[in-house]
2 protein chains.
Amino acid sequence: MDNDEDRDAPAAPNGVSLGPLPGFIGYALRRAQLVIFDDFIRTLETVDLRPAYFSTLIIIDENPGLNQSEVSAALGVQRTNFVTMVDHLEKRNLIERRPSKKDRRSYALHLTEEGRTLLDKARQLQAEHEARFARKLGPNGREQLLPLLWKLVE
Amino acid sequence: MDNDEDRDAPAAPNGVSLGPLPGFIGYALRRAQLVIFDDFIRTLETVDLRPAYFSTLIIIDENPGLNQSEVSAALGVQRTNFVTMVDHLEKRNLIERRPSKKDRRSYALHLTEEGRTLLDKARQLQAEHEARFARKLGPNGREQLLPLLWKLVE
DNA sequence: TATTGTTATACTCTATAACTATA
DNA sequence: TATAGTTATAGAGTATAACAATA
């Protein structure tokens with residue numbers, strides 16, 4: 001009885017055996033995530049947006065007026081670490097903190113016009129990146145992969 | 001025509017819209033990887049092995065006598081950052097640096113007896129972790145997921 | 001000249017505690 | 001009392017440059 005579950009895993013360099021690692025979900029996930037993040041970062045280099053910052057702009061664009069706690073919770077980032085990200089995006093004039101009318105402790109986050117323009121450009125680059133990996137996955141590969149990944153998160 | 005590719009994605013808290021994010025491979029990969037690493041770390045808490053350290057022990061066990069450059073290359077870790085990991089594992093008496101007979105610049109890495117014992121325990125815990133997520137994926141889910149992930153890496 | 005292991009360093013990401021101003 | 005934003009801080013992980021010993 002042969003164990004062929006990792007038949008398609010790339011071989012390690014120099015004939016080093018990876019043993020059971022390529023058959024482990026976590027190991028495969030991590031290697032795939034590193035490859036795709038590396039491509040994402042280089043693809044969006046011209047707009048200088050790393051994955052977390054891109055996601056932040058998407059969320060704010062989809063839900064204008066949310067406060068920092070709400071956006072950071074949606075992203076799975078702690079609000080304490082989110083402050084630096086908002087500072088950075090605001091310094092680049094991509095988003096703005098507007099004083100909330102309802103609650104004077106919080107800010108309503110909105111994209112600036114410059115932010116919307118940059119996000120449009122970023123979306124185009126991201127689409128190229130996405131298509132590149134969808135092609136790697138073959139016909140229906142992406143449609144099979146996504147539900148499996150979300151089952152892991154549930 | 002409806003876009004249902006992210007039908008199985010968990011909803012964001014508080015009715016916040018994630019927009020197109022759940023349909024992006026990189027976003028789904030990252031969220032899944034965080035969940036699985038979190039479970040891995042807690043499952044292997046009693047042996048105090050994080051994913052990179054577990055993988056390191058596996059590689060050394062599979063290929064005893066490799067030097068640091070070879071192991072770090074197999075893991076995709078830079079040899080400069082690998083030094084700290086070897087220091088740590090050696091301090092815990094799980095591996096040893098033996099002077100290489102062929103090349104006096106390098107060390108041959110080997111598991112200690114204590115390292116083998118701990119790795120056996122770690123493998124059992126990892127198997128529980130793996131089974132937990134295989135169950136989440138449903139019948140044949142794992143067998144579908146792994147080749148898809150490795151296609152992304154190719 | 002090139003390579004192995006190493007140190008120093010820096011940047012990103014992540015995690016916790018504690019403060020302030022509001023609620 | 002509790003919450004929103006913030007600061008300080010510390011730990012991982014990751015990246016580059018440079019050095020001594022050896023090839």
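Chain identifiers are assigned alphabetically (A, B, ...) following the order of the sequence lines, protein sequences preceding nucleic acid strands; residue numbering begins at 1 within each chain.
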- request: Report yes or no: do B:Ser100 and B:Arg105 form a side-chain donor-acceptor pair below 3.5 Å?
  value: no

message: Which label fits B:His129 and B:Phe40: parallel for a plane angle under 30°, tilted from 30 to 60°, or perpendicular past 60°?
response: perpendicular

- prompt: What does A:Phe82 touch in the nucleic acid at a heavy-atom separation under 4.0 angstrom: a base, only the sugar-phosphate, or nothing?
  reply: nothing

Under 3.5 Å, N/O pairs linking protein and nucleotides 9-13 of chain C:
from: C:dC13; atom 1: OP1; to: A:Arg50; atom 2: NE; distance (Å): 3.0

field: Pair of N/O donor and acceptor under 3.5 Å linking C:dT3 base with B:Arg105 side chain
entry: yes

query: Below 4.0 angstrom from OP1 or OP2 of D:dA4, is there any side-chain N or O of A:Ser100?
result: no

field: Value in whole Å for how far the P atom of D:dA23 lies from OH of B:Tyr107
entry: 13 Å

task: Find the distance B:Asn67:CG to D:dA23:P and express it as a whole number of Å.
output: 13 Å

message: What is the separation between atom NE2 on B:His88 and atom C1' on D:dG13, rounded to the nearest whole Å?
response: 14 Å

statement: In whole angstroms, the gap separating P of C:dA21 from CZ of A:Arg104 amounts to 13 Å

message: Quick check for you: among C:dT4, D:dT6, C:dT6, whose closest atom lies nearest to any side-chain atom of A:Val83?
response: D:dT6

Which pairs, protein N/O on one side and nucleotides 18-20 of chain D N/O on the other, fall under 3.5 Å?
none

task: Rounding to 10 degrees, work out the angle separating the end axes of the helix from C:dT1-D:dA23 to C:dA23-D:dT1 (five pairs an end).
output: 10°

- prompt: Roughly how many Å is it from CG in B:Asp103 to C1' in C:dT4, rounded to a whole number?
  reply: 7 Å

message: Please report the distance, rounded to the nearest Å, between NZ in B:Lys102 and C1' in D:dA21.
response: 20 Å

message: B:Ile58 vs B:Glu62, test: side chain to side chain contact (heavy atoms under 4.5 Å, CB included). Steps then yes/no.
response: CA-CA 6 Å; B:Ile58 294 273; B:Glu62 287 280 332; 4.3 Å; yes

query: Roughly, in whole Å, what's the span from CD in B:Gln68 to C1' in C:dT7?
result: 13 Å

task: Determine yes or no for a side-chain-to-main-chain donor-acceptor pair under 3.5 angstrom, with A:Thr112 supplying the side chain and A:Leu94 the backbone.
output: yes

- request: Report yes if some heavy atom in the side chain of A:Val71 is under 4.5 Å from a heavy atom in the side chain of A:Val86; otherwise report no.
  value: no

message: Applying a 4.0 Å non-hydrogen cut-off, can you work out what B:Gln78 is touching in the nucleic acid: base, sugar-phosphate, or nothing?
response: base

- prompt: Can you tell me how far P of D:dA15 sits from CG of B:Leu75, to the nearest Å?
  reply: 14 Å

message: Reading DNA chain C from 5' onward, which residue's closest nucleotide shows up sooner: B:Asp87 or B:Ser106?
response: B:Ser106

